[in-house]
Amino acid sequence: MAYWLMKSEPEAFGIDALKARPRQIEPWDGVRNYLARNYMRDRMNVGDLAFMYHSNCEEPGIYGIMEIATPAYPDPSQFDRKSKHYDAAARPEEPRWYLVDVRYKRHLARPVPLANLRAQTERLKGFKLLAPGSRLSVMPVSPEHWEFILALEGTGSMR
DNA sequence: GCCAACGTTGGC
DNA sequence: GCCAACGTTGGC
């Protein structure tokens with residue numbers, strides 16, 4: 001089993017919205033970055049776990065845990081002219097963008113803010129989220145980093 | 001194939 | 001709202 005981190009803007013779709021879905025499942029659509037796509041399409045498996053990271057908000061950080069609920073399949077929004085994720089270059093017989101469905105697992109008891117992650121330069125060495133200028137919206141998390149971040153969950157502010 | 005221009009991301 | 005970093009586009 002592998003671990004992941006997936007970013008979302010909570011104003012658009014956050015952990016609360018995922019929990020509120022009827023089956024607590026949602027397609028993770030709109031990813032338009034090739035590396036992020038490749039992670040979903042080629043390396044994710046059903047049952048993998050992912051942190052939900054909230055970006056572009058008052059307190060960026062990790063807020064919840066999701067489970068990968070489906071294998072990757074073509075993102076329907078690429079073919080939808082009315083979608084803001086529409087891609088005129090994508091054709092059904094040759095899809096360009098893929099997604100997975102995610103299922104709500106739980107909220108973190110206490111969110112782990114980005115600032116707290118940044119303070120852990122030693123233990124989180126190599127974590128892609130903390131790489132300068134990193135904007136990847138889907139990235140792998142090593143088992144060691146996953147466990148360490150979960151250990152931060154209950155600790156509140158690290159300051 | 002280079003690279004400048006452009007659009008987007010996302011912390012602050 | 002600012003702006004730095006990054007990915008993509010398109011002219012040449």
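Per chain, numbering begins at 1; letters A, B, ... match sequence-line order.
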Heavy atoms of other groups near Arg106(A) CZ, more than 12 under 6.0 Å: yes

Option passing ring-ring contact (aromatic ring centres under 6.0 Å, His included) with Phe51(A) (candidates Trp4(A), Tyr3(A), Trp146(A)): Trp146(A)

Under-3.5 Å N/O pairs linking protein and nucleotides 9-12 of chain B:
unit_1	atom_1	unit_2	atom_2	d
dG10(B)	OP1	Lys7(A)	NZ	2.9
dG10(B)	OP1	Arg135(A)	O	2.9
dG11(B)	OP1	Tyr53(A)	OH	2.6
dG11(B)	OP2	Asn56(A)	N	3.0

For atom OH of Tyr34(A) and atom P of dT8(C), their distance in whole Å: 7 Å

Upstream residue (5' side of DNA chain C) when Arg96(A) and Pro132(A) are each assigned their closest nucleotide: Pro132(A)

Parallel, tilted or perpendicular: ring planes of Trp28(A) versus Phe13(A), cut at 30 and 60 degrees: perpendicular

Asp87(A) CG to dT8(B) C1', straight-line distance once rounded to whole Å: 15 Å

End-to-end axis angle, where each axis spans five pairs of the helix from dG1(B)-dC12(C) to dC12(B)-dG1(C), to 10°: 10°

Per-pair distances, 0.1 Å, donor-acceptor, side chain in residues 125-141 of chain A, under 3.5 Å, sequence neighbours excluded:
unit_1	atom_1	unit_2	atom_2	d
Lys125(A)	NZ	Glu122(A)	OE2	3.4
Ser134(A)	OG	Lys128(A)	O	3.1

Rounded distance [0.5 Å steps], CZ in Arg110(A) versus CG in Asn116(A): 10.5 Å

Residues which pass side chain to side chain contact (heavy atoms under 4.5 Å, CB included) with His85(A), listed by chain and number, not counting sequence neighbours: Arg32(A), Ser77(A), Ser83(A)

Which pairs would a plain distance check flag for residues 17-24 of chain A, meaning a side-chain donor or acceptor within less than 3.5 Å of a matching protein atom at least two apart in sequence or in another chain?
unit_1	atom_1	unit_2	atom_2	d
Arg21(A)	NE	Glu26(A)	OE1	2.6
Arg21(A)	NH2	Glu26(A)	OE2	3.3
Gln24(A)	NE2	Lys19(A)	O	3.0

For atom CG of Asn33(A) and atom P of dG7(B), their distance in whole Å: 19 Å

Residues that Ala109(A) engages under side chain to side chain contact (heavy atoms under 4.5 Å, CB included), provided they are two or more places apart: Glu153(A)

